[in-house]
Amino acid sequence: MSDMHEHSVAYVRDSMLEQQPAPVTETGLVKWTRTNLFSTIPNTILTLVALYALIWLIWSVFPWFANGVWDASSIRDCREMLQGQTGGCFAVLAERWNQLLFGFQYPSELYWRPALAFILLFVAIAPVLFFQYLPSKMLVFTALYPFLAYFLIWGGSILAPIFAMVGLAAGYLVYQRFVAKSFAMGFFGGVIVALVALWILTSIPVDGILAMQQVESRQIGGFMLNLILGTVCVSLSIPIGIALALGRQSSLPIIKWICVVFIEFIRGVPLITLLFVANVVLAYFLPPGSNFDLIIRVIIMITAFASAYIAEVIRGGLAALPRGQYEAADSLGLDYAQAMRLIILPQALKISIPGIVNVAVGLFKDTTLVSIISMFDLVGMIRGPILASTEWNGVYWELWAFAAALFFVVCFGISKYSQWLERQLTTDHR
Amino acid sequence: MTTLSDPPSESFQLSQLINDTRYRSYTFQFIALLLLIAAIAYLGSNLATNLREAGLNISWGFLGDSSNYDINMTLIEYDSQSTHLRAAIVGVLNTLLVSFLACLTATIIGVAAGVLRLSNNWLIARLMSAYVEAFRNVPVLIWILIIYTIMTAVLPTARNYLGEDPESDLILGMFAFTNRGVYIPKPVFTPLGWVVFAIFVASVIGVFAYRRYATKLLYDTGKLLPMGWPSLVILIVPAVVFYFLLGMPISLDRPDPLANRFNLQGGVSILGSLIALWFALAIYTGAFIAENVRAGILSVSKGQTEAAAALGLRPNRIMNMVILPQALRVIIPPLISHYLNITKNSSLAIAVGYMDLTGTLGGITLNQTGRAIECILLLMLFYLTISLSISAVMNVYNNAIKLKER
C-alpha cells in the first residue's frame, strides 16, 4: 500500500517549503502606503490634494529661504542683490535683531543684563518645573530670582531690591512664627508686617548706592517685554486665582459674591478694554500726583485678567474632586486652611494643570496686545519703528515669520511640557 | 457645622468673634465688606479729586454731539454729522457682523479640521495637526496682521483691473481682489425679485418640514422616504421656475472696470481690514474648535460604535444617530465659549483699522472728546452684556442636555 502510494500519488510533498516573504503589497512601505494613504478613492483624492498643496508650499517657500539675503543695509540693497529672484531679505533680522529682542531704546551696551536674566530664568524655574528631579534647595534661588531679575533688567541701586526682599522676608518670618497657631493669623500678620516693612524701607533714599546704570521702564521693549509681562503676570495671577477660586466656592455669601462679580466682569470684557483702562483710565483712580509706570499699570490689568481665568480653571479642579475628600478632611478635624492646604488644593491643582497651562499660553500670546496701546513689544516694534523705517519698509514676511516663530517655540514648548507633566503626575492605575 | 456639647455661656465674649465658628464667618464677611467699601471709597475719592483737578466731570452729553468723523464701513446710514451715539451703533453692528462671519467660518474650518485630524489618512492627519499647532501657538494679533499684510501689500491695486485692456481680468467676470478690498457683485432686487426671494425662503422652510415629516413617518410606520433628492428639488425648483416666470427680476450689479478711472465702481466692496479680521479670527479659533471636535468624538467610547454596528446600523447612521448626539454634548459648551472669544477678540479690529465698537467708541470718539471713563465704561458694558447673555443661554442649554442620571 505504502509502496503504491509512494509511486502513484505524485503530488504529496515530502519536504517543507522554505518560508516565503509576505507579498510585497502586504508588507513594508507599500502596505503602509496602501492602508494609510490610498485605502479608498476619497482617501486617495485627499492624499493627492494634500501632496499637491505640500509640494506647492515647499516649492514656493524653499527658494525664499535658500536665496535669502542676510547681509544688506536696506530693502533696496536686498532687491539689488537678488536681481529679481525670489528670496527673503533676512538682512533685516541680522541688522535689527537687537531691536526685535530688546526694544529700540534699551542701551545696547547693557544687553548682557536682560540676556543674563533670561538665562537665569531657566535656573530659577527649573526646580519648579522639574521638582521631582531637582533638589528643593534650589527653590531658594527661585525665591531670590525676582529681585535679581529686577536688578538686572532695570538696574539702579542694588539696595532697592534687597530692601524689598528684606520686607517680604520679614513678612514670611512672621507667617512662619504664627502659622502653627492659626493660618489666618499667620497670613494676615505676615502681610501686614511685610507691607509696613516695605513702606518703611522704601522711604529710605537709596539713589546711587551700589548702583548699576538705571533703565527706564519705557525703554524696555521687544520680545523681552512680552517675556517680562508673560512671566510676571502668570506668576502673580496663580496665587490670586487660587484665592478667587476658593472665594467663589466659599460658603460666606459676601466673599463669594465679591469673587463672582470680579471673575465674571473680567471674563466678560476683552483684554484690550482692560489695557485701555490701564492706559487712560487707571490714572484717574490712583492717588493724585502718583506716577505709576505704564508697564506697572499694564501688569496690574493683565494680572487681574489672568487671575479671573485661572480662578475658573481651579474652580473646575475643585469641583472635580470627589465630595468625600472634603468630608474626609473635615472628619480628621482639620480646619478650613489646613484642609485646603493639605488635602484639597494639592489634588485640585493637579487636575487643573492643563487648564492653567492653557491660560498661561493664552496670556503669553495676549501680551502682544500691548502694542495697541503703543508699547513697543515684539509686534509693536515690527509695526512701528521697523516697518516704518525707510530702510525696511516692505519687509513683511521675514519679520512676521520671525515673530511667529519666536512665539511658536515658546508656546509649543510650554504645552509639550504640560503634557509631559500630566503624564508624570498621573497616580491612578491604568 | 459645629455643635457644641455644652450650651453656650450667656455672656458674649469678644474672643468668640474669632474663635467661635458661629460668629467667625460674620467677622470675616464684615471685614471683607469693610475692606471693599474702603477700597471703593478710596478709589472714588481719588477719582473725584483727579477729575476736579483736571477740570473734568462725568457726563454723557457727548453722545448727542455730532461726531465729525467718517467711518469707512457702515451698515446703517451714517455721515460725519451724525452723533457719537450713532457712530457707536455703527461700531456695534460692525462688531456683530465680523463676529458672526468669523463664528460661522471658524465652525466650518474647525469641524473639518477636527474630523480630518482623526482620519486614517496619515498625511491628512499630520497636516491637520500641523495646522492646529501652528495656529494655536502664535498670537491671533500676528495672524490678523499677516493676513492684513496680504490684503494690503500683496494684492494688486484697483488700477490693475481698470481700463479697456486691464492687466488682470475680473475673476469670473465679477470678483476683483484689490488692495482696497475685495469687490463682489451685488444682487439688485426689483419688487418681483423680492417675491422670488420670499419663495426661496419658503422652500428652505419647506425642506425642513419635509425632512421632519419623513423622520416622523419613519419612526411611526417604519416607511423610509428618500431624503436627498426631494430636498434638493424643493429647494431649487420653485425659486428657479418663478425666477424665469417673473422675467428674471434679480440682476447682479457687477464691479465695472470702465466706469471710473481711479477705482472699480459698482458691486459691493468688502474692506481688506474686515477680511483680514474675519479670516484671522476664523482660522485661529478654528484650530481651537478642531481640538474640541476631536476631543468630543474621541470621548464617545468605542463600545458605542460597536454596539451600533452590532444592531446593524450603517456607518453614516452610526455617525448621525449614535456618535454625534453624544459627541455634541462634549463639543457644544466649549464651542460657545469660543464664539464668545471671537466676539471679544474682534476688538483687535483696532489694529487693522476696521471700525468696530472699539474703533469708534473706544478709538476716535474717545480721542476726540477725551471722555475716557464714559467711553470705556460703555465699551465694557457692551461686551459684558453679550458675554453674560451668551453664558446665560449656555447655562440653559447645559442644563437641558445634562445626563439625567438619577
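Chain letters run A, B, ... following the sequence lines, proteins first and then strands; every chain starts at 1. These values consider heavy atoms only, across backbone and side chains, with no hydrogens, waters or symmetry-generated copies.
With a threshold of 4.5 angstrom between heavy atoms, Ala283(A) approaches chain B through N, CA, C or O but not through any side-chain atom. For Ile350(B), the part sitting under 4.5 Å from any heavy atom of chain A is the side chain, from C-beta outward, and nothing else. The parts of Ile150(B) that come within reach of chain A are both its backbone and its side chain, each placing non-hydrogen atoms under 4.5 angstrom from that chain. In this structure, chain A has a heavy atom under 4.5 Å from the side chain of Val154(B), while its backbone stays farther away. When heavy atoms are compared at a cutoff of 4.5 Å, Thr367(A) does not approach chain B at all. With a 4.5 Å cut-off on non-hydrogen atoms, Leu36(B) touches chain A through its side chain but not through its backbone.
Counting heavy-atom pairs closer than 4.5 Å to chain B, the top residue among Gly362(A), Pro253(A), Ser415(A) is Pro253(A). Most heavy-atom pairs under 4.5 Å with chain B, from the set Thr44(A), Leu46(A), Leu271(A): that is Leu46(A). In terms of non-hydrogen atom pairs under 4.5 Å with chain B, the most contact-rich of Val277(A), Leu286(A), Val361(A) is Leu286(A). In terms of heavy-atom pairs under 4.5 angstrom with chain B, the leader among Phe265(A), Phe412(A), Tyr396(A) is Phe412(A). Chain B forms the most heavy-atom pairs under 4.5 Å with one residue out of Thr368(A), Leu406(A), Asp366(A), and that residue is Thr368(A). Taking chain B as the reference chain and counting heavy-atom pairs below 4.5 Å, the highest number among Ile255(A), Thr33(A), Leu37(A) is found for Leu37(A). Comparing Ala351(B), Ser387(B), Ala134(B) by how many heavy-atom pairs each has under 4.5 Å with chain A, the most go to Ala351(B).
At a cut-off of 3.5 Å, with distance as the only test, a side-chain donor of Asn121(B) or Thr47(A) sits close to an acceptor on the other residue. Between the side chains of Asp356(B) and Asn94(B), not a single donor N or O lies within less than 3.5 Å of an accepting N or O.
Look at Lys416(A) and Glu133(B) and you find no salt bridge, because none of the NZ, NE, NH1 or NH2 atoms lies under 4.0 Å from a carboxylate O.
A distance-only check finds a donor-acceptor pair linking the side chain of Lys365(A) to the backbone of Arg136(B) [under 3.5 Å]. Here the side chain of Ser39(A) pairs no donor or acceptor atom with the backbone of Asn36(A) at under 3.5 angstrom.
Cation-pi geometry between Arg267(A) and Tyr309(A) is met: the NZ or CZ atom falls under 6.0 Å from the ring centre, inside 45° of the normal.
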